Amino acid sequence: MSSSSAARQRIFSLLDENSFVEIGAGVRARATDFNLNPAGTPSDGVITGYGVIGDRLVYVYSQDASVLGGSVGEMHARKIAGIYDLAIRTGAPVIGLLDSAGLRVQEGMDALDAFSQMYRQQAKASGVIPQITAVFGRCGGSLAVSASLSDFTLMAEGAQLFVNAPNTLAGVHEETNNTAGAASRAEAGCVDFVGNEDEVIGKVRELVGILPSNFEDDPCEECEDEMNRDCPDVASSIADPAAVAKQTADDGVFVELKEAFAKDMVTGFARFGGTPAGVIGNREQLMTADGCGKAAEFIRFCDAFGIPVITLTNATGFARDIEDENRIGLAAAKLTSAFGSATVPKINVITGSAIGGGYAVMNPKGTGADLTLALPGAKIGVMDAAIAARVLAPNADKAEFEQTKKSYEQLQNSLEGAAARGLVDQIAEPSDLRRYIIGALEILYTKREQMPARKHSSK
């Protein structure tokens with residue numbers, strides 16, 4: 001398959017059958033410097049247009065590596081900027097399919113200026129329409145910044161994503177530690193999903209199916225799954241929030257993102273009773289700086305597009321190592337700010353422990369959770385009872401220590417004590433969790449909350 005037909009075939013594979021309408025097919029490069037031949041630049045190396053995915057309008061561009069390596073020239077970038085302009089005005093997502101050698105050197109400043117205009121359109125679109133980028137070939141230099149300006153970046157196995165090529169970095173060799181490779185980019189948190197081309201296309205379609213088309217859209221749909229069905233395996237799956245999300249979501253579908261990055265924190269989308277929601281959960285009880293940052297970024301996206309946030313909380317504090325200690329304060333602050341600033345419905349499900357700092361930053365009542373659910377046996381408190389007993393009775397013998405520990409557990413760490421203080425609204429059996437979540441989303445559907453007048457949060 002030629003590069004040209006590959007670029008077009010990716011569009012056909014992505015969109016519903018016979019729905020693609022091309023825009024700008026007659027565009028060619030304008031420059032003639034350094035023997036550049038405009039006649040040899042069909043569509044200036046990028047196919048642009050619109051179509052539908054599941055009957056929903058989307059705009060798409062696909063870079064054609066057979067035209068000067070898919071390099072971004074002046075008209076190439078202007079075509080992409082034009083697609084963004086249409087998408088913003090009509091309120092529809094933009095999907096970029098990237099395969100490019102980077103900026104077109106022959107066009108120099110003209111290409112660079114047009115590239116910056118493309119950046120501006122992406123910045124304008126942020127929080128207005130979803131932006132999804134899928135990398136199928138090379139994506140280097142300034143184009144890597146464009147990919148990261150998207151809300152979600154997906155990458156095919158064998159593709160390359162880099163600002164600086166691996167062989168230009170000290171101690172890095174493409175053959176041994178390829179910093180541009182899909183696995184490396186995913187582990188670094190630069191990529192939300194990695195798979196073969198068909199899997200990447202399928203994941204893009206899945207995202208479009210669950211996300212709103214724009215920040216004013218309501219993507220709720222009829223639910224064919226049983227709203228009140230039991231979830232008998234939730235109790236045995238508490239340690240893995242992704243498994244809990246799958247068991248409680250409509251049809252068992254949970255779209256996890258950044259799975260290879262900051263594995264202590266789970267983020268992804270699911271529908272509950274037809275309503276899409278963002279799900280965040282602790283896979284490890286000690287939270288890392290990367291995990292906090294991953295969750296904060298996800299919350300900001302959900303809030304921008306009116307998507308409710310559900311947290312599955314099981315955290316006792318923060319990771320204890322030098323690397324995390326250097327960054328955890330700022331990362332936890334950003335997570336707290338994201339929760340506190342979000343005005344979408346926020347539901348906290350305490351599945352295990354919510355102790356100390358883990359409680360304070362994982363969507364507690366104090367930072368604005370609308371409803372807090374807890375499973376039987378959950379613990380909520382300022383610190384572990386054994387640690388508290390050592391503080392309260394430092395010179396106690398074994399019997400007194402055990403009694404102090406037991407008393408603290410009952411008075412300060414018990415679920416009943418938290419409920420008595422209004423910190424927990426409902427105690428739900430694990431098998432009933434799906435119906436409780438759906439009920440919470442239903443009553444919060446009409447939630448309206450105004451934050452103080454400002455441009456935006458500074459954190």
Side-chain angles (χ1 to χ4, degrees), residues 152 192-193 202-203 206-207 209-211 219-221 223-285 287 291-292 294-299 301-303 305 307-315 335 339 342 344-354 358 362-363 369-375 378 426 428-442 444:
F152 304 103
D192 293 280
F193 176 80
K203 188 63 69 172
E206 199 171 21
L207 278 171
I210 203 167
L211 296 176
C220 294
E221 61 181 32
C223 175
E224 297 182 0
D225 194 0
E226 172 57 46
M227 306 276 269
N228 294 315
R229 67 172 166 81
D230 288 340
C231 303
D233 296 326
V234 166
S236 61
S237 304
I238 298 307
D240 186 3
V244 174
K246 288 178 183 177
Q247 291 162 28
T248 54
D250 294 354
D251 304 313
V253 176
F254 174 59
V255 184
E256 186 172 355
L257 300 169
K258 285 185 166 60
E259 188 175 356
F261 172 64
K263 295 181 180 181
D264 64 289
M265 190 74 75
V266 169
T267 57
F269 296 106
R271 287 185 182 272
F272 299 91
T275 300
V279 179
I280 300 166
N282 304 111
R283 188 174 272 131
E284 301 289 341
Q285 290 190 325
M287 302 163 64
C292 289
K294 173 181 173 179
E297 181 181 344
F298 185 74
I299 294 162
F301 174 85
C302 290
D303 191 50
F305 287 93
I307 301 170
V309 173
I310 299 168
T311 45
L312 302 175
T313 300
N314 185 16
L335 177 57
F339 274 125
V344 292
K346 291 174 286 189
I347 301 165
N348 190 10
V349 181
I350 300 175
T351 59
S353 296
M362 278 298 290
N363 196 22
D370 298 295
L371 284 173
T372 299
L373 314 177
L375 303 186
Q426 296 170 320
E429 290 295 328
S431 60
D432 295 332
L433 187 55
R434 171 174 164 81
R435 64 175 66 100
Y436 271 92
I437 290 175
I438 291 174
L441 288 171
E442 286 179 346
L444 292 171

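Quick note: residue numbers are just sequence positions, from 1. In what follows, every heavy atom counts, from backbone to side chain, and hydrogens, waters and symmetry copies are set aside. Since we're looking at a predicted model, the values are computed, not measured.
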Check ion pair Asp250-Arg229 (N to O, under 4.0 angstrom): no
Asn348 and Thr313: side chain donor to acceptor below 3.5 Å: yes
Centroid-centroid distance, Phe301 to Phe152, less than 6.0 Å: yes
Whether over 12 other heavy atoms sit under 6.0 Å from Glu226 CD: yes
Ring pair (Phe, Tyr, Trp, His ring centres under 6.0 Å) partners for Phe339, two or more places apart: none
Proximity of Tyr436 and Phe272 rings by center, below 6.0 Å: no
Side-chain (Asn314) to main-chain (Gln285) donor-acceptor, under 3.5 angstrom: no
Any pair counted as salt bridge (charged side-chain N to carboxylate O under 4.0 Å, His left out), so long as it reaches residues 269-285, sequence neighbours left out: Glu221-Arg271, Asp240-Arg283, Glu256-Arg283
Donor-acceptor pair, side chain of Gln247 and main chain of Val234, under 3.5 angstrom: yes
salt_bridge(Asp230, Arg434) N-O dist < 4.0 Å: no
For Phe269, the option from Phe254, Phe298, Phe305 that meets ring pair (Phe, Tyr, Trp, His ring centres under 6.0 Å): Phe298
Backbone of Thr267 reached by a side-chain donor or acceptor of Lys294 within 3.5 Å: no
